[in-house]
Student: 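I am attaching a structure below and will ask some questions about it afterwards.
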Amino acid sequence: MPAVVLVHGLYHRPGHFAAVADLLRTGGTEVVVPRLHRGSLAADTAAVQAAVDALPEPPLLLGHSYGGSVITGVRGAGHLVYLAAFVPDTGESAAALGGASARLRQAIRPDADGSTRLDPALAAAVLYDDCPEPLAARAVALLCAQAPGCGRGVPSHHNWKRLPSTYVVCAEDRAIDPDLQRRLSARCTHVREWRTGHSPFVGRPDLVAGLVRELLAGLPTPSSGTSAR
């Protein structure tokens, strides 16, 4: 079965996908969760590209929020999944597409070095409002500082134009405008809509893992006669 590469968003870490990764690995799926926050969209994309290139066959590539900008520029996937994510077209960046809510902007705090972080007192209500309190608290504790400029990066490739893709609209999202998500979803092959907040991988990992398993079942494998690359 093809592997899965999970790509987190701004301020997040690989650990935010731990519950989804554990569910998939229990079922025998190889899961890779690269670490971003490498200083630019280009550097983040290169980190994910290296993870994809190390796999023997095209993986399913899932990007959350800013992670959508990252997976847009990565070559060699079998299927792209945009989870409440940005789907940039030529010349577009996540920042230019907009959609960040007033509540999310209010939670951002600048640091002296130019980086930003999320106020932990406000982050849970924006990112994890529909998650059980212990899970939300753990997710907030994992949040980290974000280097400036990543959201203004423009992908050099736009692989949603060439690959099958699925967009998941999070209809109760308090961070990224669901109406923007619906407009971006028109760029993808398939669309799902969930009644969740911004981070179903925290509050509903079973939902995310179930979608991934469903999509993996439809991906070609080398044994079916399809070339891996």
Side-chain angles (χ1 to χ4, degrees), residues 4-27 29 31 33 59-72 77-88 94 97-101 103-104 107 123-140 142-143 160 163-219:
V4 175
V5 180
L6 304 174
V7 182
H8 62 78
L10 297 180
Y11 305 104
H12 284 69
R13 301 176 189 263
H16 283 95
F17 273 120
V20 173
D22 287 347
L23 286 171
L24 293 171
R25 288 170 178 146
T26 298
T29 300
V31 182
V33 193
L60 181 147
L61 196 52
L62 183 151
H64 173 247
S65 198
Y66 160 78
S69 292
V70 178
I71 69 171
T72 291
H79 195 104
L80 302 175
V81 180
Y82 291 88
L83 177 60
F86 295 99
V87 189
L97 287 167
S101 70
R103 296 180 73 165
L104 177 58
V126 180
L127 301 176
Y128 316 116
D129 57 289
D130 62 340
C131 303
E133 193 280 331
L135 297 180
R138 177 184 180 276
V140 169
L142 282 172
L143 293 170
W160 55 265
L163 293 172
S165 58
T166 298
Y167 196 103
V168 179
V169 176
C170 292
E172 297 179 359
D173 197 327
R174 294 184 177 181
I176 305 298
D177 184 355
D179 286 338
L180 173 63
Q181 294 181 41
R182 294 183 183 102
R183 293 195 296 274
L184 293 174
S185 73
R187 298 176 175 180
C188 295
T189 315
H190 309 285
V191 182
R192 306 288 179 93
E193 184 156 328
W194 294 347
R195 302 299 302 180
T196 71
H198 188 62
S199 308
F201 49 89
V202 173
R204 290 292 310 276
D206 57 319
L207 194 61
V208 180
L211 173 64
V212 168
R213 292 191 195 102
E214 176 189 337
L215 296 174
L216 283 175
L219 286 182

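Here the structure is a predicted model, which means the values were calculated and not measured.
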Student: Examine distances only and state if a side-chain atom of Arg103 and a backbone atom of Ala175 form a donor-acceptor pair shorter than 3.5 Å.
Tutor: no

Student: Assess whether side-chain contact (heavy atoms from CB on, under 4.5 Å) is satisfied between Val169 and Trp194, documenting all intermediate values.
Tutor: CA-CA 6 Å; Val169 176; Trp194 294 347; over 6 Å; no

Student: Can you give me the closest heavy-atom contact between Leu184 and Phe86, atom names plus distance?
Tutor: CD1-CA, 4.0 Å

Student: Do Pro178 and Cys170 have side chains that get closer than 4.5 Å, going by heavy atoms?
Tutor: no

Student: Do you know the tightest heavy-atom contact between Asp129 and Glu172?
Tutor: OD2-O, 4.4 Å

Student: Determine whether Val168 and Leu211 make a side-chain contact, defined as any pair of heavy atoms from C-beta on separated by less than 4.5 Å.
Tutor: yes

Student: Please tell me if the side chains of Val212 and Leu215 come closer than 4.5 Å, counting only heavy atoms from C-beta onward.
Tutor: no

Student: As an exercise, state the distance from CG of Leu163 to CG of Leu80, rounded to the nearest 0.5 Å.
Tutor: 5.0 Å

Student: Apply the side-chain contact (heavy atoms from CB on, under 4.5 Å) test between His16 and each candidate in Leu127, Leu6, Val33, Leu142; give the one that qualifies.
Tutor: Leu142

Student: Can Arg192 and Glu214 be counted as an ion pair, charged N to O under 4.0 angstrom?
Tutor: yes

Student: Does a side chain donor of either Thr72 or Tyr82 reach within less than 3.5 Å of an acceptor in the other side chain?
Tutor: yes

Student: To the closest 0.5 Å, what do you measure between CD1 (Ile176) and OG (Ser101)?
Tutor: 7.0 Å

Student: Considering all heavy atoms of both residues, which atom of Ala123 and which atom of Leu143 are nearest to each other, and what is their separation?
Tutor: CB-CD1, 3.8 Å

Student: For Gly197, is there any backbone N or O sitting under 3.5 Å from a side-chain donor or acceptor partner on Asp130?
Tutor: yes

Student: CD/Glu193 to OH/Tyr167 distance, rounded to the nearest 0.5 angstrom?
Tutor: 10.5 Å

Student: Kindly determine whether Leu10 and Ser65 satisfy side-chain contact (heavy atoms from CB on, under 4.5 Å), including the steps that lead there.
Tutor: CA-CA 8 Å; Leu10 297 180; Ser65 198; over 6 Å; no

Student: Would you compute the distance between atom CZ of Arg174 and atom OH of Tyr128 and round it to the nearest 0.5 angstrom?
Tutor: 14.0 Å

Student: Taking all non-hydrogen atoms of both residues into account, name the closest pair between Val31 and Arg25 and its distance.
Tutor: O-NH2, 2.9 Å

Student: Go through the side-chain N and O atoms of His79 and Thr166 and say whether any donor and acceptor fall under 3.5 Å apart.
Tutor: yes

Student: Roughly how far, to the nearest 0.5 Å, is NE2 of His64 from OG of Ser199?
Tutor: 4.5 Å

Student: Does Gln181 reach the main-chain N or O of Ala171 with its side chain, forming a donor-acceptor pair under 3.5 Å?
Tutor: no

Student: Can a donor-acceptor pair be found, under 3.5 Å and without considering hydrogens, that links the side chain of Thr189 to the backbone of Ser165?
Tutor: yes

Student: Which one of Leu24, Val5, Val4 satisfies the side-chain contact (heavy atoms from CB on, under 4.5 Å) criterion with Leu60?
Tutor: Val4

Student: Which pair of heavy atoms, one from Ser69 and one from Ala94, lies closest together, and at what distance?
Tutor: OG-CB, 3.7 Å

Student: Which pair of non-hydrogen atoms, one from Ile71 and one from Gly63, has the smallest distance, and what is that distance?
Tutor: CD1-N, 3.6 Å

Student: Run Leu62 and Val208 through side-chain contact (heavy atoms from CB on, under 4.5 Å) and show every step you take.
Tutor: CA-CA 10 Å; Leu62 183 151; Val208 180; 4.2 Å; yes

Student: OG1/Thr26 to CG/Asp22 distance, rounded to the nearest 0.5 angstrom?
Tutor: 6.0 Å

